Amino acid sequence: MDTIQAVRGFKDILPPETGKWQFIERLAREVFTDFGFLEIRVPILEKTELFRRGIGEATDIVEKEMYTFLDRGDEYLTLRPEATASILRAYLEHTLYAADPIARLFTIGPMFRRERPQKGRLRQFHQLDAEILGIDDPRVDAELIVMLMHFLVRAGLPDIHLEINSLGCPDCRPAFRDRLITFLAGKQTALCEDCRRRMLSNPLRIFDCKLETCREQLLSAPKILDFLCPPCDTHFQTFRKYLSIADITPSINAGMVRGLDYYTRTAFEVTTGALGAQNAVLGGGRYNGLARELGGPDIPGIGFAIGLERLLSLIEPNDAQLSPVPHLFVAFLGDQAGRVAFDLANGLRKVGIRTEVDYAGRSLKSQMRRANKLNCPYTLILGDREIAAGEVQWRDMRSSLQETLPLDGLFETIRGKLLEKGQTLV
RNA sequence: GUGGGUGUAGCUCAAAUGGUUAGAGUGCCGGGUUGUGGCCCCGGAGGUUGAGGGUUCAAGUCCCUUCACUCACCCCA
């Protein structure tokens, strides 16, 4: 019989790797909390309708990437492809805005998109999401970026680039869009097949094209930033000013777009050169129209999503992130010693001393080999001989020095010895 | 969804133009005389060569199908 394999594009995260995940999640909780964010946990399954409205009918995600099924024949449900829609849904459903007009929320968890897997792209992947709801002030936009950059630096991320843009608002974007379409119409024959298709479906996306010939054509294209209405322009200028106060100097990427109508003003991305074609580590922006789109009041919001797999792939593992090494190994010989070892080891563990015992009934040599392999700094050796004499052997694995300790009060003696050697116990 | 590449022990890889019981390193288990790790030495286990079909006297090697992984496009985290 064949062994069952994981679903395509779904990955197991195995032990040494999980240490990195714990590190980054701990760091995120710490940093985000410092910036006033509270954790929210939302379901990974939602009514399909939520995403159709919250992400947009015409997007690739909704058109062809969602895991959707008919539940018991009467309702379509979808495994969430992103978290913002769910957070907004929960926020509106529980009228959180009634208790406090401004909410800062974050969440960490898996997302699902049925795309063809490749480097940095899984079908189940994980995002770290943060949202600020209820305020449209550009200083909030800047603050979100400040937190983000601080987080990335503390995560040890090398070589990153912040790009920002403004997408305008429903007042000013249509004019830009019209001018762009007019401009492109004249260039049509010079553009690649994809871009000609994009002209119709999502003209702003043409700026994403990587072909040199298309890029050249776009050099003289109209720029969204030249079309911003006064309020949007002021917002963007203030946003930039506060970034500079925080010593953050992004590059402006007028080609960065979010195609949907309710995305407004600030948009940003952090990219890296180390990820192949999937170079975005994180993306975010303002979505002042979203709450309304979901049937709620007109509440502004801004947020971002960090791709954890992508982020983690950029971080070199260090000792703090790897599985912690045990404090000591208990080796024993004989039945009587085995009973003492069992009791002793579990007692030590209960007070936060990471203790290893090998119950496989192997030779002392084998047990010592294992202690060495696990990198245990100390080994306790107890045989029936020692037990009978009321003592045990305490071996320092680095110096190979060994001393005899009395069985009486052993528990406290060990605690003391470990503390004295600078081991950090709980 | 489209195109390219790759699938041989747990892992990293060998097996010239098809030709005996598919090898190595590493890891794992054990041993190197009484109950002591690392280095070293010795031994052992572990593979229906991703799966299924075909060509052939003979297939890990060639052909087809399928699955998986991977890179790129698309799109995005």
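Model, not experiment: these values are computed from the prediction. Numbered from 1 within each chain, the chains take letters A, B, ... in sequence-line order.
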Taking atom C1' in both B:U49 and B:C40, what distance in whole Å separates the two?
34 Å
Rounding to an integer number of angstrom, what distance separates B:G25 and B:A72 when you compare their P atoms?
36 Å
Any side-chain donor near an acceptor of the partner, A:Asn346 and A:Arg349, under 3.5 Å:
yes
Take atom P in B:U33 and the same atom in B:U26, then report the distance between them in whole Å.
23 Å
Ignoring hydrogens and angles, answer whether the base of B:G35 and the side-chain atoms of A:Glu386 contain a donor-acceptor pair closer than 3.5 Å.
yes
Whole-Å gap separating C1' (B:C75) and CD1 (A:Ile55)
13 Å
Output the rounded distance in Å from NZ (A:Lys119) to C1' (B:C76).
16 Å
Do the non-hydrogen side-chain atoms of A:Thr68 and A:Leu79 ever get within less than 4.5 Å of each other?
no
Establish, yes or no, whether a centroid distance under 6.0 Å links the rings of A:Phe106 and A:Phe32.
yes
Is A:Glu403 salt-bridged to A:Lys417, cutoff N-O under 4.0 Å?
yes
Just by distance, with hydrogens left out, do A:Glu46 and A:Ser86 show a side-chain donor and acceptor under 3.5 Å apart?
yes
Quick one: A:Asn375 CG to B:G38 C1', roughly how many Å, whole number?
10 Å
Show the distances under 3.5 angstrom between N or O atoms of the protein and N or O atoms of nucleotides 31-34 of chain B.
residue: B:G31; atom: O6; partner: A:Arg369; partner atom: NH2; Å: 3.2
residue: B:G32; atom: N7; partner: A:Lys365; partner atom: NZ; Å: 3.1
residue: B:G32; atom: O6; partner: A:Arg369; partner atom: NH2; Å: 3.2

Side-chain donor/acceptor of A:Glu269 to base of B:A77, under 3.5 Å:
no
Span that lies between the C1' atom of B:C11 and that of B:G18, in whole angstrom:
29 Å
Please check the phosphate of B:A72 (OP1 and OP2 only) for any side-chain N or O of A:Gln118 closer than 4.0 Å.
yes
Might you point out which heavy atoms bring A:Leu180 and A:Pro222 nearest each other, and give the distance in Å?
CA-CG, 3.8 Å
Would you kindly give the CD-to-C1' distance between A:Glu82 and B:A77, to the nearest whole Å?
11 Å
Roughly, in whole Å, what's the span from CD in A:Gln5 to P in B:G7?
17 Å
Within the structure, does a side-chain N or O atom of A:Arg362 lie under 4.0 Å from either OP1 or OP2 of B:G30?
yes
When the nearest nucleotide of RNA chain B is assigned to A:Phe10 and to A:Ile61 on a heavy-atom basis, which residue is associated with the more 5' position?
A:Phe10
If you take atom types as modelled and just measure distance, does the side chain of A:Gln402 reach the base of B:U36 with a donor-acceptor pair under 3.5 Å?
yes
Does A:Arg113 contact B:A77 through a side-chain donor or acceptor facing the base, at a distance under 3.5 Å?
yes
Tell me which one of A:Leu328, A:Thr404, A:Thr379 satisfies side chain to side chain contact (heavy atoms under 4.5 Å, CB included) with A:Trp394.
A:Leu328
Is a side-chain N or O of A:Arg123 found less than 3.5 angstrom from the main chain of A:Phe112, in a donor-acceptor match?
no
Would you kindly give the CZ-to-C1' distance between A:Arg123 and B:C75, to the nearest whole Å?
14 Å
Is there any salt bridge (charged side-chain N to carboxylate O under 4.0 Å, His left out) pair reaching into residues 104-116 of chain A, and which pairs are they, with sequence neighbours excluded?
A:Arg104-A:Glu143, A:Glu115-A:Arg121
Mind checking if A:Leu364 touches a base, just sugar-phosphate, or nothing, with heavy atoms under 4.0 Å?
base
Give A:Ala305 one of three labels, base, sugar-phosphate or nothing, depending on what nucleic acid heavy atoms sit under 4.0 Å from its own.
sugar-phosphate
Selection residues 325-337 of chain A - residue pairs positive for salt bridge (charged side-chain N to carboxylate O under 4.0 Å, His left out), sequence neighbours left out:
none
B:C69 phosphate, OP1 or OP2: any side-chain N/O from A:Arg8 under 4.0 angstrom?
yes
Expressed in whole Å, how much space separates the P atoms belonging to B:A22 and B:C39?
32 Å
Mapping A:Asp384 and A:Leu282 onto RNA chain B by nearest heavy atom, which one lands closer to the 5' end?
A:Asp384
At less than 3.5 Å, do the side-chain atoms of A:Arg398 and the base atoms of B:G38 form a donor-acceptor pair?
no
For a quick check under 3.5 Å, do A:Thr107 and A:Glu39 share a side-chain donor-acceptor pair by atom type?
no
Counting the atoms with a prime plus P, OP1 and OP2 as sugar-phosphate, which does A:Leu122 contact under 4.0 Å by heavy atoms, base, sugar-phosphate, or nothing?
base
With Watson-Crick and G-U wobble geometry limited to distances under 3.5 Å, how should the secondary structure of RNA chain B be encoded in dot-bracket form, using | for bases paired to another strand and [ ] for crossing pairs?
(((((((..((((.....[...)))).(((((.......))))).....(((((..]....))))))))))))....
Exactly one of A:Thr266, A:Asp141, A:Thr264 clears side chain to side chain donor-acceptor pair (under 3.5 Å) with A:Arg286, and that residue is A:Asp141
State whether a side-chain donor-acceptor pair under 3.5 Å links A:Tyr67 with A:Gln124.
no
For the aromatic rings, using the six-membered ring if either is Trp, is the centroid distance between A:Phe35 and A:Phe151 under 6.0 Å?
no
Expressed in whole Å, how much space separates the P atoms belonging to B:G52 and B:U48?
11 Å
Base of B:C76 paired with side chain of A:Arg310 (donor-acceptor, under 3.5 Å):
yes
Answer yes or no: does a side-chain N or O of A:Lys373 lie under 4.0 Å from OP1 or OP2 of B:C28?
yes
Whole angstroms only, please: what is the CE-C1' distance between A:Met368 and B:G38?
10 Å
For A:Phe69, side-chain contact (heavy atoms from CB on, under 4.5 Å) partners two or more places apart:
A:Leu45, A:Asp71, A:Leu77
At under 4.0 Å between heavy atoms, what does A:Gly334 touch on the DNA or RNA strands: base, sugar-phosphate, or nothing?
nothing
Does anything in residues 41-50 of chain A reach RNA chain B, meaning a heavy atom under 4.0 Å, and if so which residues?
none
C1'-based separation of B:U12 from B:U2 [nearest Å]
32 Å
I'd like the P distance from B:A45 over to B:U55, given in whole Å.
37 Å
Protein-nucleotide distance (A:Asn279, atom CG; B:C76, atom P), rounded to Å:
12 Å
